Amino acid sequence: PANAKYFLTVGDWTAKVWVEEGLKTPIISTSYHDAPLMNGAWSPTRPGLFTVCRQDGYLDFWDIFYRQDQVVHRHKVGDAALWSLSMQ
């Protein structure tokens with residue numbers, strides 16, 4: 001994000017946004033996805049936007065400034081698992 005004190009973790013079926021101070025609980029936790037999440041990345045140009053890749057071949061886009069409780073866009077890349085992603 002635009003502020004380096006926020007960071008993203010991806011594990012099992014959810015993604016979580018944390019703030020550097022007070023790491024006891026995340027400030028945002030996504031709902032459980034339909035497939036395990038493999039990786040995630042923040043957008044380098046749009047604050048609050050991150051993408052997660054899923055084991056079923058989908059990319060899910062989250063915009064925490066627009067909607068914190070729902071995926072804003074889902075894109076099917078293929079049938080194979082997406083193991084990593086890089087946003088440039």
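The structure presented is a predicted model; accordingly, all values stated were derived computationally and were not measured.
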Looking at [X] and [Y], what are the two nearest heavy atoms and their distance?
| X | Y | answer |
| --- | --- | --- |
| R46 | S43 | N-OG, 3.0 Å |
| V52 | V10 | CG1-CG2, 4.0 Å |
| C53 | L59 | CB-CD2, 3.7 Å |
| R54 | M38 | C-CG, 3.9 Å |
| A41 | L85 | CB-CD1, 3.8 Å |
| L8 | G40 | CD2-C, 3.9 Å |

With rounding to the nearest 0.5 Å, note down the distance linking [atom1] in [X] to [atom2] in [Y].
| X | Y | atom1 | atom2 | answer |
| --- | --- | --- | --- | --- |
| D63 | T51 | CG | OG1 | 10.0 Å |
| Q55 | L37 | CD | CG | 10.0 Å |
| L82 | Y58 | CG | OH | 11.0 Å |
| W42 | M87 | CH2 | CE | 10.5 Å |
| K24 | W18 | NZ | CH2 | 12.0 Å |

Heavy-atom check, side chain of [X] versus side chain of [Y], under 4.5 Å:
| X | Y | answer |
| --- | --- | --- |
| I28 | Y6 | no |
| V17 | F50 | yes |
| V71 | W62 | yes |
| T9 | K16 | yes |
| D34 | R74 | yes |

Exercise for review: Check the surroundings of atom CG in D12: do more than 12 heavy atoms from other residues, nucleotides or ligands lie under 6.0 Å from it?
Suggested key: no
Practice item. Answer yes or no: are there more than 12 heavy-atom neighbours, outside Y32 itself, under 6.0 Å from its atom OH? Key: no
Practice item. Please answer whether the main-chain N or O of S29 pairs with a side-chain N or O of T14 as donor and acceptor at a distance below 3.5 Å. Key: no
Point to revise | V72-V77 co-clustered via ILVMFWY side chain contacts under 4.5 Å | key: yes
